[in-house]
Protein chains: 2
Amino acid sequence: MAHPQLPRDEVIDRLTAVFRREGYEGASLALLSEATGLGRSSLYHHFPRGKDDMAEAVMLAARDKITALVVERLSGPGSPRKRLEAAVRGWDEFYQSGQLSCLTELFSVGNAKQRFQDLLLGGITKLRAAIAALLVEAGLPPEKAEKRALDAVVAIQGGLVVARASGDRSIFPSILAELPDRLLNP
Amino acid sequence: MAHPQLPRDEVIDRLTAVFRREGYEGASLALLSEATGLGRSSLYHHFPRGKDDMAEAVMLAARDKITALVVERLSGPGSPRKRLEAAVRGWDEFYQSGQLSCLTELFSVGNAKQRFQDLLLGGITKLRAAIAALLVEAGLPPEKAEKRALDAVVAIQGGLVVARASGDRSIFPSILAELPDRLLNP
DNA sequence: GTCTATAAGCAGATAGAC
DNA sequence: GTCTATCTGCTTATAGAC
């Protein structure tokens, strides 16, 4: 493999798959190298500070993706229910129906926690805010909207954990399907 | 430290703390040795297959603890609400109000996943069954009871993830506090 | 049951050729 | 932009003294 010129986005996608499967500590340079088809030194060329830089790039790309697939749909045009349903499809796509684990989870353990806590907190905060704003617009009192927004984030994260630990692929889609009614119910 | 004769249960508690903080891959023998005050070789004396054996002992001890603190309380004497409230106190104690992460989460990633998936699945299944049985006894139709039992497990796991990622200590206790009403409501 | 010493291998990381 | 070769330190694991 001489000059494959794999585009950066594709490289980051493959790195993301490894971090999701193995966790931060488990994602060794050997695995990351194998997944991308790049030698270690090539990885260091693209990510000078090594694994740290790769993890950061993965986190930023995930944030952008969840912003496009979920957050922007929540605050886009259309009725609150339609927007919520669009966001639900976005979550399903982002987590591939629960088969993929969440980086939030994996990057909040051990060494990775200290480095990425700010990013994690920011991501969760924005997501909660976008859901709450939609629910207020749908007519819920602000306090109730905040509470349900947190419930939604908790249900999604918990759904991913339980789905993975149970090996049951139906759990996550079923949680997502119930989300609109559960949130919008008066 | 010559012959401290630390009881096995205490050793396992200290190992548990490391696995919870660092994850399976992040829990190195150096950290495990430091936490227990035992040299590497002493650890191998107690756990001949090394880290694998330690992790297994930690998982089995956690299963026993959650059985005593939660599952047995759910199926114990008293009204369903009282039993549920007792179980909620058990969860709070087991997770120290959400400050501790769940082994379910940490052991369902990478290498650890293959080795411990059976244990994880068994634990979640028993917990779901115990909650569902209590809800049926409280008058809910079986299907609804099953669904709410899953919701409860999801809320707890998700609450731990979100609490840790947010660094907000109030989230987990607040989820626990709402659980009885949320589950028993007709 | 604990310790010291050590082995063998893999981790992350770097230098320099092409 | 990729490669090969190499380095240092840490990883798991074992042998054997006390």
Side-chain angles (χ1 to χ4, degrees), chain A residues 1-59 103 106-107 109-116, chain B residues 1-59 61 106-107 109-116:
Chain A
M1 192 165 291
H3 292 244
Q5 288 287 78
L6 209 58
R8 186 179 166 91
D9 282 0
E10 174 63 23
V11 169
I12 291 178
D13 279 353
R14 298 190 186 191
L15 295 176
T16 303
V18 178
F19 280 112
R20 275 180 143 166
R21 194 177 63 241
E22 308 289 343
Y24 181 80
E25 303 291 343
S28 68
L29 288 195
L31 289 172
L32 296 166
S33 172
E34 188 190 8
T36 54
L38 297 171
R40 280 158 226 240
S41 297
S42 302
L43 285 176
Y44 275 94
H45 175 75
H46 294 287
F47 307 96
R49 290 178 313 160
K51 197 165 149 176
D52 238 49
D53 270 358
M54 297 183 226
E56 190 182 347
V58 162
M59 287 287 287
L103 297 164
L106 303 177
F107 282 29
V109 176
N111 281 334
K113 180 173 177 170
Q114 300 160 0
R115 300 178 218 213
F116 298 110
Chain B
M1 193 166 288
H3 291 245
Q5 288 287 81
L6 209 57
R8 185 179 167 90
D9 283 359
E10 174 64 21
V11 169
I12 291 178
D13 280 352
R14 298 190 185 190
L15 296 176
T16 303
V18 178
F19 280 112
R20 276 179 143 167
R21 194 176 64 241
E22 307 289 343
Y24 181 79
E25 303 291 343
S28 68
L29 288 196
L31 290 172
L32 295 165
S33 171
E34 187 191 9
T36 53
L38 295 171
R40 280 156 225 239
S41 296
S42 301
L43 286 177
Y44 275 95
H45 175 77
H46 294 286
F47 307 96
R49 289 176 315 160
K51 200 166 147 176
D52 238 51
D53 270 357
M54 296 183 227
E56 190 182 348
V58 162
M59 287 288 287
L106 303 176
F107 281 31
V109 176
N111 281 335
K113 179 173 177 169
Q114 301 160 359
R115 300 177 217 213
F116 298 111

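Each chain gets a letter, A, B and so on, in the order the sequences are listed, and its residues count up from 1. For the numbers below, each heavy atom of this structure counts, side chains included, while hydrogens, waters and symmetry mates do not.
Of the residues in residues 19-35 of chain B, B:A27, B:S28, B:L29, B:A30 come within less than 4.0 Å of DNA chain D through at least one heavy atom, sorted by number. Near-neighbour residues of DNA chain C inside residues 40-57 of chain B, defined by a heavy atom below 4.0 Å, number-ordered: B:S41, B:S42, B:H45, B:H46.
The distance from the CZ atom of A:R21 to the CG atom of A:L106 is 12.0 Å, given to the nearest 0.5 Å. Of the inter-residue distances, the one linking B:D13 atom CG with B:R8 atom CZ reads 12.0 Å to the nearest 0.5 angstrom. Interatomic distance, OG1 of A:T36 versus CD of A:E10, reported as 10.0 Å (0.5 Å rounding). Rounding to the nearest 0.5 Å gives a distance of 12.0 Å between CG of A:L29 and CG of A:L38. Separating the CG atom in A:L15 from the CG atom in A:L31 is a distance of 11.0 Å, to the nearest 0.5 Å.
Screening residues 40-58 of chain A for salt bridge (Lys or Arg N to Asp or Glu O under 4.0 Å), with sequence neighbours left out, gives A:R49-A:D53, A:R49-A:E56, A:D52-A:R115.
Counting to the nearest Å, the P atom of D:dT12 and the CG atom of B:L38 are 16 Å from each other. Here C:dG1 presents its P atom at 17 Å from CD of B:E10, a figure rounded to the nearest Å.
Below 30°, between 30° and 60°, or above 60°: for A:F19 and A:Y24 the angle between ring planes is below 30°, a parallel geometry.
When the shell of 6.0 Å around CD of A:E34 is examined, it contains 12 or fewer heavy atoms from other residues, nucleotides or ligands.
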